[in-house]
*Asks:* 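Starting off with a structure, shown below.
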Amino acid sequence: MNCTIKKNLLSEGKTKKIYTTNNPFEVLIHHTDNITALNGLKKNILQNKGVLNNEITALIFQFLNSCGIKTHFIQKINNREQLCHKVDMIALEFVVRNIVAGSMSKRLGVKEGVHLYNPIFEIFYKNDKLKDPLINDHHAVFLEILSYEELRIIYSMTSKINHFIKKYFLDKNIILVDFKIEFGKNYKNEILLSDEISPDTCRFWDKETMKKLDKDSFRMGSKEKVFDIYMDILKRLNVS
Ligand code: TMP
């Protein structure tokens, strides 16, 4: 029997609300229908997007837990909420690129679609005022966000996560182009994969048609097709 009691709003991000529970080491994460892009400059509401992302994220984190990756995810509680280990979020976004797209394509003038046989990892400093700049390991250590040893642990986890989910998606005819992940530390100071993995935080292309199956259609101007695309991803993940 599930006896989690939702208590107070602890924090609110662009697409999620975090609530305390009766257990001081656990939180409830609530997925809203907000959809944002371009660092929050573009915002809208897409009815029931939170339901889809809650389900998609839950499936992916369950899979990663079963692969032995330490994550914050405990269980899905209802349509919009999941129970997670409470962590202090690390102020970095880790981006993994398997194929050139998005900001890397623009920044380096490389055509979208070039395959990277060695995946490229990038880190971005989560700081709204500075618009989340791209930084390197030495900056992260200088800013006292992490130690070199903690970065080593995170890169090792990131590499395993990429290995597992690239194959997981490919089995569903989805190419994982790139994605963003975040980590947090629990009360024992252990590093856990946290936040979410969903079409909001990944670039997916259909393996047969190369059609974009993610938030890029919203980034490029339309929210109309986004719900159908997210629904398509969920359907594919539910087929074993
Ligand atoms: P980018 O090409 O815009 O840098 O994005 C790389 C990947 O990271 C892409 O899958 C989208 C994801 N991402 C986020 O989830 N949140 C963000 O704030 C950014 C900048 C990227």
Side-chain angles (χ1 to χ4, degrees), residues 12-16 29 31-32 34-44 46 49-50 52-54 56-57 60-61 64 71-72 89-116 118-136 139-140 145 154-155 157-159 161-162 164-166 168-170 174-184 193-207 210-221 223 226 229-230 232-233 237:
E12 182 164 1
K14 293 186 185 105
T15 61
K16 295 185 288 291
I29 301 189
H31 287 256
T32 70
N34 296 342
I35 180 161
T36 70
L38 312 171
N39 253 333
L41 279 178
K42 204 173 150 94
K43 290 182 200 164
N44 218 315
L46 184 62
K49 190 209 76 161
L52 296 182
N53 268 8
N54 186 38
I56 292 171
T57 298
I60 298 169
F61 273 71
L64 286 171
T71 84
H72 73 157
M89 291 303 290
I90 295 165
L92 295 174
E93 295 185 337
F94 290 80
V95 167
V96 178
R97 300 185 186 273
N98 295 308
I99 296 179
V100 175
S103 69
M104 179 177 166
S105 164
K106 288 200 196 91
R107 192 183 319 114
L108 302 184
V110 182
K111 233 174 112 194
E112 185 169 285
V114 173
H115 282 253
L116 299 161
N118 291 314
I120 288 181
F121 297 169
E122 294 173 349
I123 54 179
F124 293 83
Y125 177 30
K126 279 174 66 117
N127 183 314
D128 284 341
K129 266 197 208 149
L130 300 177
K131 299 189 181 149
D132 298 355
L134 173 66
I135 62 167
N136 67 27
H139 295 129
I145 300 171
I154 289 183
Y155 283 132
M157 289 174 76
T158 300
S159 177
I161 292 163
N162 187 38
F164 290 129
I165 61 173
K166 213 163 59 171
Y168 175 77
F169 285 113
L170 204 56
I174 298 166
I175 297 174
L176 179 60
V177 176
D178 58 30
F179 61 99
K180 183 266 300 178
I181 45 180
E182 298 186 25
F183 295 85
L193 175 68
S194 303
D195 194 53
E196 68 176 287
I197 299 180
S198 73
D200 275 2
T201 63
C202 302
R203 275 196 180 88
F204 298 129
W205 293 349
D206 181 88
K207 189 174 159 232
M210 301 305 266
K211 186 182 145 206
K212 293 181 195 303
L213 300 173
D214 53 45
K215 212 170 65 168
D216 263 355
S217 60
F218 177 66
R219 290 189 189 95
M220 289 164 182
K223 72 162 185 165
V226 177
I229 289 170
Y230 283 33
D232 179 18
I233 293 282
L237 298 192

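Both ligands and their constituent atoms are indexed starting at 1 by order of listing.
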*Asks:* Should you measure from each heavy atom of Arg203, which atoms of ligand 1 turn up under 4.0 Å away?
*Replies:*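 Reading through ligand 1 atom by atom, the close ones are 1 (P), 2 (O), 3 (O), 5 (O), 6 (C), 9 (C), 10 (O).
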
*Asks:* Going by distance only, is there an N or O of Asp132 that falls short of 3.5 Å from an N or O of ligand 1?
*Replies:* no

*Asks:* Would you mind checking if Arg203 and Asp178 are paired as a salt bridge, meaning a charged N to carboxylate O distance below 4.0 Å?
*Replies:* yes

*Asks:* Closest approach of Ile197 and Ile60, non-hydrogen atoms and distance?
*Replies:*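 Here Ile197 and Ile60 meet closest at O-CD1, 3.4 Å.
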
*Asks:* Determine yes or no for a side-chain-to-main-chain donor-acceptor pair under 3.5 angstrom, with Ser105 supplying the side chain and Val110 the backbone.
*Replies:* yes

*Asks:* By number and element, which atoms of ligand 1 are closer than 4.0 Å to a non-hydrogen atom of Thr201?
*Replies:*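 This gives 10 (O), 12 (C), 15 (O) as the contact atoms.
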
*Asks:* Any idea which protein heavy atom is nearest atom 12 (C) of ligand 1, and the distance to it?
*Replies:* Lys180 CB, 3.5 Å

*Asks:* Is the side chain of Thr36 donor-acceptor paired with the backbone N or O of Lys42 at a distance under 3.5 Å, no angle test?
*Replies:* no

*Asks:* On the 0 to 90° scale, with breaks at 30° and 60°, tag the Phe169-Phe204 ring pair as parallel, tilted or perpendicular.
*Replies:* tilted

*Asks:* Polar-atom distance check: Arg97 versus ligand 1, any N or O pair below 3.5 Å?
*Replies:*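 Yes - when backbone and side-chain N and O of Arg97 are compared with those of ligand 1, one distance drops under 3.5 Å.
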
*Asks:* Nearest protein heavy atom to atom 21 (C) of ligand 1: under 4.0 Å?
*Replies:* no

*Asks:* At what distance is the nearest protein heavy atom to atom 11 (C) of ligand 1, and which residue and atom is it?
*Replies:* Arg219 NH2, 3.4 Å

*Asks:* Under the ring-ring contact (aromatic ring centres under 6.0 Å, His included) rule, collect the residues that match up with His72, sequence neighbours excluded.
*Replies:*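 Partners of His72 under the ring-ring contact (aromatic ring centres under 6.0 Å, His included) test: Phe61.
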
*Asks:* Under a 4.0 angstrom heavy-atom cut-off, which atoms of ligand 1 come close to Cys202?
*Replies:*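 Heavy-atom distances to Cys202 below 4.0 Å select 10 (O).
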
*Asks:* Tell me: protein heavy atom nearest atom 17 (C) of ligand 1, and distance?
*Replies:* Glu93 OE1, 3.8 Å

*Asks:* Please check this pair: side chain of Asn44 against backbone of Ile35, looking for a donor-acceptor N/O pair closer than 3.5 Å.
*Replies:* no

*Asks:* State the atoms of ligand 1, each with its element, that fall below the 4.0 Å cut-off from a heavy-atom position in Asp200.
*Replies:*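 Reading through ligand 1 atom by atom, the close ones are 15 (O).
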
*Asks:* Would a distance-only check, ignoring hydrogens and angles, find a side-chain to backbone donor-acceptor pair under 3.5 Å from Thr32 to Thr15?
*Replies:*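 Indeed, once roles are kept as given, a pair shorter than 3.5 Å links the two residues.
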
*Asks:* Among Gly102, Ser103, Ala101, which one has a heavy atom closest to atom 1 (P) of ligand 1?
*Replies:* Ser103

*Asks:* Heavy-atom distances under 4.0 Å decide this one: backbone, side chain, both or neither, for Lys215 against ligand 1?
*Replies:* neither

